[in-house]
Structures are given as structure tokens and as C-alpha cells.
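Below: one structure, written as C-alpha cells.
Letters go in sequence order (proteins before strands), and every chain restarts at 1. Owing to the predicted nature of the structure, the values given are computational and were not obtained by experimental measurement. Computed over heavy atoms, backbone and side chain alike; hydrogens, waters and symmetry mates excluded.
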Protein chains: 2
Amino acid sequence: MATIGEVARVAGVSRSTASYALSGKRSISADVRRRVEDAVRELGYTPNAGARALATSQTRVIGLLAQFLEDEFAPAMLQYMLGVSNTARELGYDILLGTEADGRSALRRMTSSRMVDGIVLLNVAEQDDRLPILREAIQPGALVGLPGDCTGVDVFDLDFEEAGRVMVEHLRRLGHRELILVSQPQHVIERGGAYVWRLQNAALEAARLSGITLHAEFGSSHQPEVGRELNALLDAHPSATGLLINNEAAAAALPSVLHARGLAAPADLSVVGRYSDEFARTFSLPYSSIESAPDRLGRMAVRELVRRIEGQVGPDEPHVVRFVSPELVDRGSIGAPPER
Amino acid sequence: MATIGEVARVAGVSRSTASYALSGKRSISADVRRRVEDAVRELGYTPNAGARALATSQTRVIGLLAQFLEDEFAPAMLQYMLGVSNTARELGYDILLGTEADGRSALRRMTSSRMVDGIVLLNVAEQDDRLPILREAIQPGALVGLPGDCTGVDVFDLDFEEAGRVMVEHLRRLGHRELILVSQPQHVIERGGAYVWRLQNAALEAARLSGITLHAEFGSSHQPEVGRELNALLDAHPSATGLLINNEAAAAALPSVLHARGLAAPADLSVVGRYSDEFARTFSLPYSSIESAPDRLGRMAVRELVRRIEGQVGPDEPHVVRFVSPELVDRGSIGAPPER
DNA sequence: CTCATTCGTCGAACCGGTTCGACGTTGGAT
DNA sequence: ATCCAACGTCGAACCGGTTCGACGAATGAG
């Protein structure tokens with residue numbers, strides 16, 4: 001395989017001149033530049049990434065840590081990954097993917113061996129055990145998900161509090177007085193999925209303020225359990241007229257549950273979910289929902305990360321914590337409550 | 001950050017001795033080995049991946065090319081990715097992920113700049129334009145999916161011909177005489193998704209041999225089109241008693257379609273799909289299916305690739321083309337046809 | 001016409017590892 | 001006691017880039 005030494009020899013110049021001709025970091029005569037470029041083409045030269053990384057201490061690779069845990073709904077995670085991966089490529093970076101359950105060791109490996117210029121962490125928990133490792137690393141980090149302590153990293157997440165309020169408020173306006181909220185499984189929360197609390201508490205508070213009854217419950221992250229649970233909830237609260245879903249598996253299971261009970265939205269029940277439009281299409285979910293914007297969050301995280309990597313943001317400048325506002329996508333599943 | 005030079009200095013030995021102490025490639029006195037190991041711990045030394053790659057011409061990274069095309073059903077692809085990624089990690093390799101639509105440029109970048117030791121291609125088409133590039137690369141390649149020309153690469157795929165036969169044969173034995181097969185969209189086939197033909201042709205042949213009527217049709221890869229198409233097919237062939245689904249989007253849409261028509265499997269219609277067990281759980285699909293084994297195929301591809309990378313298989317030894325036998329997972333959706 | 005710049009190029013050093021050949025020590029065999 | 005092999009360690013070279021300082025030639029100003 002061709003090296004820059006061979007390019008230089010073919011072009012009849014020194015290695016350093018060849019390097020400058022390609023990088024443009026010093027002025028080069030038109031003649032030499034052409035000869036070097038011809039030699040590159042002739043030999044099919046591509047710089048060796050390892051050698052370049054060694055010389056510049058820049059790899060142009062971003063580490064992406066995505067854990068696929070048992071109680072995680074995988075298709076939802078994929079969209080965040082694609083948002084990150086595609087944006088990175090647009091900015092000239094490649095993605096080193098870590099999917100191991102042990103995110104800490106993956107993170108340590110990538111950072112301490114200098115395989116990457118920066119790190120994106122997905123699905124960040126309230127007390128995320130990867131965070132201390134990331135803070136000790138010399139590479140900058142960007143998170144999707146809000147941890148308890150944001151120091152030293154850029155953070156991007158959906159505004160789950162506002163999402164909870166918006167969901168309740170929309171139904172209140174239409175006259176609903178009793179709602180059910182289905183959250184993620186209890187162990188997702190225990191593991192630190194604080195966003196579940198954020199949405200739930202804000203929804204409870206909003207309901208309290210407007211005198212609405214809100215039954216907040218947990219749901220499993222897998223079939224068929226979650227389907228059974230939905231049925232049980234509908235049985236337990238027959239007078240509820242609205243259903244809020246902050247649980248992808250529950251959302252995916254809902255159509256068949258409603259069908260089986262002979263219920264239609266919004267005629268019998270108003271439904272609002274919290275998932276992405278892409279997710280809705282994949283699972284054919286006809287319910288209005290708060291857009292969770294995975295592609296946008298992934299994009300924002302990479303953008304900011306690259307700004308840090310490339311020094312457009314100084315190492316001392318304060319880090320960013322940015323929330324995406326929840327937007328309600330109307331799929332016609334919300335209406336006034338049925339007369340009783 | 002610590003280098004091996006500093007480790008050597010702290011341990012009071014030369015750089016080369018430190019290197020040998022860590023790699024074990026030459027005999028080292030117990031005393032020196034201990035001192036080097038202590039120095040490593042004290043300094044928190046981790047070898048620089050770029051420098052090592054430069055010296056050894058081995059990166060311990062595998063390139064994974066996964067294209068998410070418009071007409072591809074993304075959640076199905078994810079499982080192949082995870083099979084590849086997890087197996088690679090078990091074998092001590094990291095994954096460089098390429099998700100761009102332009103797989104050729106991603107492939108060229110990874111191979112010619114020596115970022116990876118080998119390549120896994122997912123979703124390989126009959127005439128895959130990435131293949132010529134892969135053959136010119138010095139790194140070995142493993143494919144998931146069967147191309148027209150297998151020279152120079154290891155190939156792993158489900159035995160779609162046998163799958164088609166098994167699907168038909170199961171229903172024949174139970175007395176079915178008229179079946180519908182829903183394949184992938186026509187443009188997936190045009191793009192070179194030959195596996196669609198392989199299953200369909202084998203199914204048609206098996207049906208012909210046993211005097212069964214088989215209506216082979218294409219379906220979209222997205223909702224809501226595919227739902228409408230399923231309805232149209234059931235309308236067009238009211239006397240068909242079995243439904244074969246070789247289309248993930250159609251499989252995902254089927255429950256609500258059957259529900260809406262008041263049909264139950266297998267009482268009114270026998271259904272056999274072709275997707276993974278994981279997929280069935282994610283989408284709550286109650287239909288028996290041919291296991292498409294994405295994790296197993298990903299695992300096989302990486303295993304063989306690593307054997308090539310590490311020289312356990314010589315560069316002249318013939319390449320492998322291996323088919324996974326279709327296994328029918330019984331979810332109780334197959335039964336004898338209803339009496340007429 | 002001289003002198004100071006600027007321009008274009010080169011050689012050498014460096015990034016941080018690995019590996020080859022050489023060399024002094026030991027220990028065992030004869 | 002002598003010779004040889006094995007052992008343990010070191011210095012130097014190398015992998016393939018980038019970058020700094022130097023230097024000769026061309027250019028422009030005074």
C-alpha cells in the first residue's frame with residue numbers, strides 16, 4: 001500500500017513537501033502541487049489513520065456508547081444511534097460503537113487508549129456509573145439524557161417536565177377529568193431513569209392544580225406482560241377517559257389491547273404517547289404523541305461535541321444543558337371525553 | 001498521559017524490556033516483570049491504539065457496514081448489528097460503524113486508511129456495489145446475505161430456498177390447498193434482494209409439485225400501505241387458508257389487519273412468517289415463523305472473519321459459504337384448514 | 001546595487017508503540 | 001576448567017504520518 005514516502009518519491013519531492021502539498025499548510029508551487037496530486041492518484045494513496053492519529057493526536061472518530069439492557073426497548077434506542085452516526089459522518093467523523101452491557105469498560109477502553117476524540121453517551125441515568133470515568137478522560141463528552149450531576153459534560157434531553165404538563169393540559173382543556181398514566185417499569189426507574197419521574201411528577205402536579213384525577217402506574221417493557229397490565233389498568237379505572245403513555249412497549253401493545261376491548265380512540269378514550277414520529281410509523285401507532293426527537297437530540301449532541309473537539313469551544317467555557325421542547329404531534333387520537 | 005517510555009523509566013528498564021514484559025513475547029525475570037506491572041498500575045498506563053496500530057498493522061477494530069435504506073425495516077437490521085457487535089467484543093475487537101447510504105465511500109474510507117482489520121457487510125444484495133471495493137481491499141470480508149458472486153469473501157445467510165419449502169410443506173401436510181405469500185416490496189428485489197426470489201421461487205416450486213395454489217405477491221415496507229395491501233390480498237383470495245409472510249413490515253401490520261377482519265389464526269387462517277424470535281416478541285406477533293437467526297448469522301460472520309484476520313485460516317484457503325437451516329418456531333398459528 | 005523579505009523546499013525530529021540483533025551472564029555438560 | 005546454549009536486557013530501527021527550523025532563490029524596496 002502506498003505511503004506518503006512513495007508519493008514523495010514519485011513526485012520527486014521530499015516527504016514533508018508532499019505532506020504540505022496535501023494539507024495546504026504551507027505555500028507550495030503550482031507545479032509541485034500538481035505532481036504530488038498526480039502521484040496520489042497514480043498510487044491510490046490514502047493516509048494511514050493510525051499514523052496520522054499518532055502524529056496529530058486526533059483520530060476523527062467519536063465513541064458511541066449504547067447499552068441494550070434487558071428492560072430497554074431496543075427499536076427506540078436505534079433512532080438515537082442513527083441520529084448520532086449520521087451527524088458524525090456529515091461532520092467528517094466515524095463512529096466507534098460500544099454496545100456491551102458493561103459500558104464502563106467500553107468507555108475506559110476507548111478513552112484511555114485514545115481511539116476516539118470524543119464520546120457520546122446514550123440513555124444516561126440519574127446516577128450513571130459511566131460518568132465518573134468520562135470526567136476523568138481527556139476527551140470531551142456529550143450526553144443524551146439528564147444525569148443528576150452535569151458538570152464537565154454537555155447534556156441534551158427532552159424537557160420531560162414540560163411534556164408531562166402538556167399531556168395533561170391538552171386533555172384538561174377538552175374536558176377530561178380522570179386520566180391514566182403508564183410509565184416505564186419500576187426497575188428502569190430504580191436504575192436511574194429519572195426522566196420517568198420527571199414526566200410523572202410534572203403530570204401529577206399539573207393534574208392536581210387543575211383538579212384532575214391522575215392514576216400513575218408502571219408498566220413492563222415487554223410483551224405479553226405489558227398488554228395484560230394495560231387491560232388491568234383499564235379495568236381498574238373504568239371511568240378514566242384519557243390514557244397517557246410514557247413507555248414504548250406499552251405504546252406498541254396498545255392497538256391490539258384497545259381492539260380486543262372494542263375501544264376506539266378518541267371516541268371512547270383519548271390517548272397521548274411519548275415517542276418519536278418514526279417510532280409511530282414503524283409500529284403503526286395512530287395515537288397523538290409528544291415527539292421524543294431522538295434524531296434531533298443525537299444531532300445536537302454530536303454538533304456540540306465536535307465544537308469542543310475542534311476547539312471552537314474552549315475547555316474552560318461552561319458546558320451546555322439543553323432541553324428540547326415537547327411538541328404534540330396530532331394523529332387524531334385526542335377528543336372530548338364521551339358523555340356519561 | 002503515560003507512555004511506555006515513562007513506564008520503563010519508573011520501572012528502571014528500557015522501553016523494549018517494558019514492552020516485552022507486557023507482551024510476554026520474550027522471557028523476562030520475575031523481578032522486572034513485577035516492577036513493570038507496578039509502574040503500569042501506578043501511572044495508569046494504557047497503550048496508545050494509534051501507535052500500536054502503526055507498529056503492528058493491526059487495529060483490533062472491525063468495520064460494520066449497515067445501510068438503513070428507505071425501504072428497509074430498521075428494527076430488523078438492528079438485531080444483525082447487535083449480533084456482530086457483541087461477538088466482536090467477545091473476541092477482543094471493537095466496531096467501527098458505517099450507516100451512510102453510500103456504503104461504498106464508507107467502505108473505501110475504512111479499508112484504505114487502515115482503520116479496520118476486517119469488514120462485515122450486512123444486507124448484501126445480489127449485485128452489491130460494495131463488493132468490488134471489498135475485494136480490492138487488503139482486509140478480509142464477511143457478508144451476511146448471499147451475493148451473486150461469492151469469490152474472495154466469506155458468506156453467511158439463511159437458507160431461503162429451504163425456508164420457502166418448509167413453509168409450504170408444513171401447510172400441505174395439514175391439508176391446506178391454497179396459500180398466499182407476501183414478499184418484500186418490488187424495489188427491494190430490484191435493488192438486488194435476491195433472497196426474496198429464493199424463498200418465493202422455492203415456495204412456488206414446492207407448491208407446484210404438491211398441487212397447491214400459491215398466490216405470490218409483493219408488499220410495501222411501510223405502514224399504512226402494507227396494511228391496505230394485506231386487506232386487498234385477503235379480499236382477492238377469499239378461499240386461501242394459509243398466509244406466508246416474507247416481509248417484516250407486513251408481519252408487524254398483520255395482527256391489526258386480522259383483528260379488523262375478525263379473523264383468528266389458526267381457526268380461520270394459518271399464518272407462517274419469516275422473522276426472528278426477538279422480532280416476534282418486540283412486535284407481539286403470535287404467528288409461527290421461520291427463525292431468521294440474525295444474531296447467529298452475525299456471530300458466524302464475525303467468528304470466521306476473526307479467524308481470517310488472525311491467520312488461523314490462510315489467505316489461500318477457500319472461502320466459506322454457509323447457510324443456516326430454517327427452523328420453524330411454533331407459536332400455534334398453524335392448523336388444519338377450516339371445513340368448507 | 002544591496003539588503004531584507006517572502007516563498008518554496010528540505011532534513012530532521014517527533015508521536016508511541018514493537019521487534020530485531022547483539023551482548024553480557026549464568027548454568028550445565030563435558 | 002572450558003565451551004556452548006539459554007536467558008534477560010538493551011539500543012536502534014521501524015511503522016507512516018506531521019511539523020519545526022533552516023536555507024537557498026527569487027522578489028521588492030530603498
Check: dG17(C) base within 3.5 Å donor-acceptor of Ser19(B) side chain:
no
Discussion item. Does Tyr20(B) contact dC20(C) through a side-chain donor or acceptor facing the base, at a distance under 3.5 Å?
Written reply: yes
Which heavy atom in [X] sits nearest to a heavy atom in [Y], and how many Å separate them?
X         : Y         : value
Thr151(B) : Arg135(B) : O-NE, 2.6 Å
Leu107(B) : Ile119(B) : CD1-CD1, 3.6 Å
Val144(A) : Ala301(A) : CG2-CB, 4.0 Å

What nucleic acid atoms does [X] come within less than 4.0 Å of, heavy atoms only: base, sugar-phosphate, or nothing?
X        : answer
Ser14(B) : base
Ser29(A) : sugar-phosphate
Thr56(A) : sugar-phosphate
Thr17(B) : base

Taking for Ala51(A) and for Asp31(B) the nucleotide of DNA chain D with the nearest heavy atom, the one nearer the 5' end belongs to Asp31(B)
_By nearest atom, which of the nucleotides dG11(D), dT18(D), dG11(C) is closest to the Ala55(A) side chain?_
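So the side chain of Ala55(A) is nearest to dT18(D).
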Return the value, rounded to whole Å, for the distance between atom [atom1] of [X] and atom [atom2] of [N].
X         : N       : atom1 : atom2 : answer
Ile4(A)   : dC15(D) : CD1   : P     : 15 Å
Leu54(B)  : dT19(C) : CG    : P     : 12 Å
Lys25(B)  : dT19(C) : NZ    : C1'   : 8 Å
Asn48(A)  : dC15(C) : CG    : P     : 18 Å
Arg34(B)  : dT9(D)  : CZ    : P     : 12 Å
Arg26(B)  : dC20(C) : CZ    : P     : 7 Å
Arg15(B)  : dC10(D) : CZ    : P     : 13 Å
Arg114(A) : dG17(C) : CZ    : P     : 9 Å

Establish, with yes or no, whether the OP1 or OP2 oxygen of [N] is under 4.0 angstrom from a side-chain nitrogen or oxygen of [X].
X        : N       : result
Ser27(A) : dC7(C)  : no
Tyr45(B) : dG17(C) : yes
Arg52(B) : dT18(C) : yes

| message | With a 4.0 Å cut-off on N to O distance, would you call Asp295(A) and Arg299(A) a salt bridge? | response |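 Here Asp295(A) does not pair with Arg299(A) in a salt bridge, since their nearest N and O are not under 4.0 Å apart.
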Less than 4.0 Å between a side-chain N and a carboxylate O, is that true for Glu37(A) and Arg34(A)?
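Between Glu37(A) and Arg34(A) there is no salt bridge, as every charged N stays at least 4.0 Å from the carboxylate O atoms.
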Heavy-atom nearest nucleotide on DNA chain C taken for Gly50(B) and for Ser16(B); more 5' hit belongs to Gly50(B)
